[in-house]
Structure formats: C-alpha cells, structure tokens
Engineer: 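Can you read through this structure? Questions will come right after.
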Amino acid sequence: MSSALIFGATGQVGQQVLREVLASSHFTRVGDYGRRAASFEGPGKDKLEQKVVDFEKLGQKGEDGEEARKGVREGNWDVVFVALGTTKADAGSAEAFEKIDREYVLNAARAAKSDDPNHSQRIVYVSSVGANPSSPFLYPKSKGLTEQGLAELGYNDTIVFRPAMLKGTNRPERRLAETIWGGITGVLSHVSTNMEINISTLGKSLVKAGIVGTAGLPKVAGATTVGKEGAKFTLINNTGALAMAKEDV
C-alpha cells in the first residue's frame, strides 16, 4: 500500500492520473495539490486529500516559502506524479511559460521530497516528445531542462514519459495548430506508434510506472536510462507508453 501526490490534477493528463490513482487499490491515500482543487466524482474519492498550493511561494525564501513547502512535504508521499505544464500562448510570454512549466514543477517536486533519508520516494513526470535541454526552441528546451532538474533532486527513482501528440483532450478553447497536427498524426499513427497517444492511455501507463517503479517496468516499456552522471533518470517514449497501458501490474 502506498500514498500518491499529484501536481496538475486539473489538467488534461492530470485528470486521467487522478482517476487511475484513486481507482487503484495500491494507493490508500491520494493528494491533489494545485492552484485549484480538481473536480472529481468516482471510485476512491474517500482517499482524496485536496489542498490549494501557491506555487510562487514554494520557490520563495523566508518564512512564507518554508511554510508553503512544509505544507506539501508533511504528506510524506511515496509516489509523486507531476503533470504540470502550459504553453507559451496560454502563459502569455516566454518568461511566464518557463516559470510555470519549469520553475513551478521543480519547486513543487523539491517541496514534496521527504526530509527522511530512509523514506524511499519515486517521481513520475509527464514531459514531451523532443524534449532536449540543448534545443534552440523554447518548448523542448524547457521540458529537457525540467527533466534534468528533476533528476538532480535526488529522488530514489525518477521516471520521465515523453508522449507524442495528445488525443482525447477536452479543452474549452480550440487550438488551430493542434487540430491540424492532430489530423496529420492520426493518419501517421497507422504506420508508427510514436505519433500520438490518448490521454486515458497515457494516464494508465503513468500510474502503472508509479506503482512498479523502474525496477518493475515490463520489457514492452522500452525504458532507457539517460541523463548526466549523478542525475540519471528512466525514460519512456510514446511507443513504450502505448504498450505499457496493455500490461497488467
């Protein structure tokens, strides 16, 4: 039995993770910590603990910052799922995008890390296909730097998923580029498993990875170890995520 904390449970992927975690008998306590509480009705709701978090304060020095971090850390979470993220268009600027997409993620993960050296913790992060800290482009560079930053925090097990085009989303606004590209990947997905993935499928795989950890991942996950010395992490690409969803754990 285990406890799980989710950052980003109101997002498209985060909602799927929340549903899967609450339905799993593996988790007896589940935290939804975010800028607002996720709306949820379904199996396992009695296990849910919700808290509004000021992500700005998590990165601040001084009493306010420490109080905010303490409020997250006190949960002593075994598995931390991070599905926080945004786009430059939604954030409003490149600076705001990096603050939300990277700083908030790293500050939240740092706050959730236990002070107890004997407490084994796992973190599972939803990144993106093409993530690369050396990329000349804002989005993949931010994702790559975030992956690297998470690996440097010292969790016992760091697992990163790089999904391709997300299908099955239900956004209040339509994104033209996303619609056009979705049509293209829909066609290409018939010849390649690295083009798209339904958010419900991704949610299943994320939670399965959170349960079994790197050591228990099935071969079909195609997991690899990447990162720099002293900050290695387990990477699962879109093909692996699709295959994992069909596996029993």
Side-chain angles (χ1 to χ4, degrees), residues 1-9 11-27 30 43-44 78-85 109 120-132 140 143-144 146-148 150-151 155-169 181-182 184-228 231-249:
M1 299 298 180
S2 187
S3 62
L5 173 61
I6 304 168
F7 290 115
Q12 298 291 311
V13 176
Q15 291 174 43
Q16 304 300 319
V17 173
L18 178 63
R19 183 176 293 107
E20 292 291 331
V21 168
L22 288 173
S24 172
S25 60
H26 181 84
F27 297 102
V30 179
D78 299 314
V79 185
V80 179
F81 294 96
V82 183
L84 276 174
S120 182
Q121 286 183 297
R122 177 174 301 128
I123 188 165
V124 182
Y125 171 57
V126 185
S127 184
S128 175
V129 64
N132 183 347
K143 293 297 184 186
T146 302
E147 293 174 356
Q148 186 175 293
L150 289 172
Y155 275 78
N156 300 90
D157 191 13
T158 300
I159 302 176
V160 172
F161 279 74
R162 288 183 185 167
M165 177 74 184
L166 299 178
K167 304 292 286 187
T169 57
W181 183 241
I184 296 171
T185 59
V187 174
L188 294 177
S189 66
H190 294 292
V191 295
S192 173
T193 56
N194 212 30
M195 298 306 298
E196 63 178 30
I197 187 169
N198 193 284
I199 55 173
S200 63
T201 302
L202 179 57
K204 286 183 174 66
S205 293
L206 287 162
V207 174
K208 287 178 179 180
I211 292 173
V212 303
T214 294
L217 289 172
K219 284 187 177 180
V220 296
T224 56
T225 301
V226 299
K228 58 186 183 181
K232 300 287 188 181
F233 60 92
T234 299
L235 178 63
I236 299 173
N237 66 17
N238 199 77
T239 299
L242 285 169
M244 268 194 68
K246 300 174 183 177
E247 293 286 303
D248 293 326
V249 298

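Please read all numbers here as calculations on a predicted model, not as lab measurements.
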Engineer: If I take atom CD from residue Q16 and atom CZ from residue R19, how far apart are they, to the nearest 0.5 angstrom?
Structural biologist: 5.0 Å
Engineer: Drop me the distance from M195's CE to T239's OG1, to the nearest 0.5 angstrom.
Structural biologist: 10.5 Å
Engineer: So do the side chains of F27 and I211 get within less than 4.5 Å of each other, counting heavy atoms only?
Structural biologist: yes
Engineer: Measure the CG-NZ distance between L242 and K204 for me, rounded to the nearest 0.5 Å.
Structural biologist: 12.0 Å
Engineer: Do any N or O atoms from the side chain of N238 and from the backbone of A164 form a donor-acceptor pair under 3.5 angstrom?
Structural biologist: yes
Engineer: For the residue pair P163 and I197, what are the closest heavy atoms and their distance?
Structural biologist: CB-CG2, 3.9 Å
Engineer: Could you check if a side-chain atom of V126 sits within less than 4.5 angstrom of a side-chain atom of V17, using non-hydrogen atoms only?
Structural biologist: no
Engineer: In the structure I gave you, are the side-chain heavy atoms of L150 and F233 within less than 4.5 Å of one another anywhere?
Structural biologist: no
Engineer: Mind checking the CG-NZ spacing from L202 to K167? Nearest 0.5 Å is all I need.
Structural biologist: 14.5 Å
Engineer: Is a donor on one side and an acceptor on the other found under 3.5 Å between the side chain of Y155 and the backbone of V80?
Structural biologist: no
Engineer: So with a 6.0 Å cut-off around NZ of K232, is the heavy-atom count from everything else above 12?
Structural biologist: yes
Engineer: Please report the shortest heavy-atom distance between A151 and A231, naming the atom on each side.
Structural biologist: CB-O, 3.3 Å
Engineer: Report the C-alpha separation of V30 and L18 in whole Å, then their side-chain angles, then the decisive distance to 0.1 Å, and conclude whether the side-chain contact (heavy atoms from CB on, under 4.5 Å) test is met.
Structural biologist: CA-CA 8 Å; V30 179; L18 178 63; 4.2 Å; yes
Engineer: Pair Q12, L166 - check side-chain contact (heavy atoms from CB on, under 4.5 Å), show working.
Structural biologist: CA-CA 9 Å; Q12 298 291 311; L166 299 178; 5.6 Å; no
Engineer: Can you tell me how far CG of L235 sits from OH of Y125, rounded to the nearest 0.5 angstrom?
Structural biologist: 12.0 Å
Engineer: Given T234, which partner from the list V160, V124, T224, L217 fulfils the side chain to side chain contact (heavy atoms under 4.5 Å, CB included) test?
Structural biologist: L217
Engineer: So does R122 get a backbone contact from the side chain of D78, meaning a donor-acceptor N/O pair under 3.5 Å?
Structural biologist: no
Engineer: Apply side-chain contact (heavy atoms from CB on, under 4.5 Å) to S2 and V79, showing your working.
Structural biologist: CA-CA 8 Å; S2 187; V79 185; 4.1 Å; yes
Engineer: Kindly give the heavy-atom pair with the smallest separation between I236 and A223, and that separation in Å.
Structural biologist: CG1-CB, 4.2 Å
Engineer: Ignoring hydrogens, what is the shortest heavy-atom contact between A109 and I123? Give both atom names and the distance.
Structural biologist: CB-CD1, 3.6 Å
Engineer: Over all heavy atoms of both residues, which pair between N156 and S120 is shortest? Give the atoms and the distance, please.
Structural biologist: OD1-CA, 3.2 Å
Engineer: Mind jotting down which residue pairs meet the salt bridge (Lys or Arg N to Asp or Glu O under 4.0 Å) criterion with at least one end in residues 208-220? Sequence neighbours excluded, please.
Structural biologist: none
Engineer: What is the distance from atom OG of S127 to atom CG of N237, rounded to the nearest 0.5 Å?
Structural biologist: 12.0 Å
Engineer: If every non-hydrogen atom of G130 is compared with every non-hydrogen atom of P140, which pair is closest and at what distance?
Structural biologist: O-CB, 3.3 Å
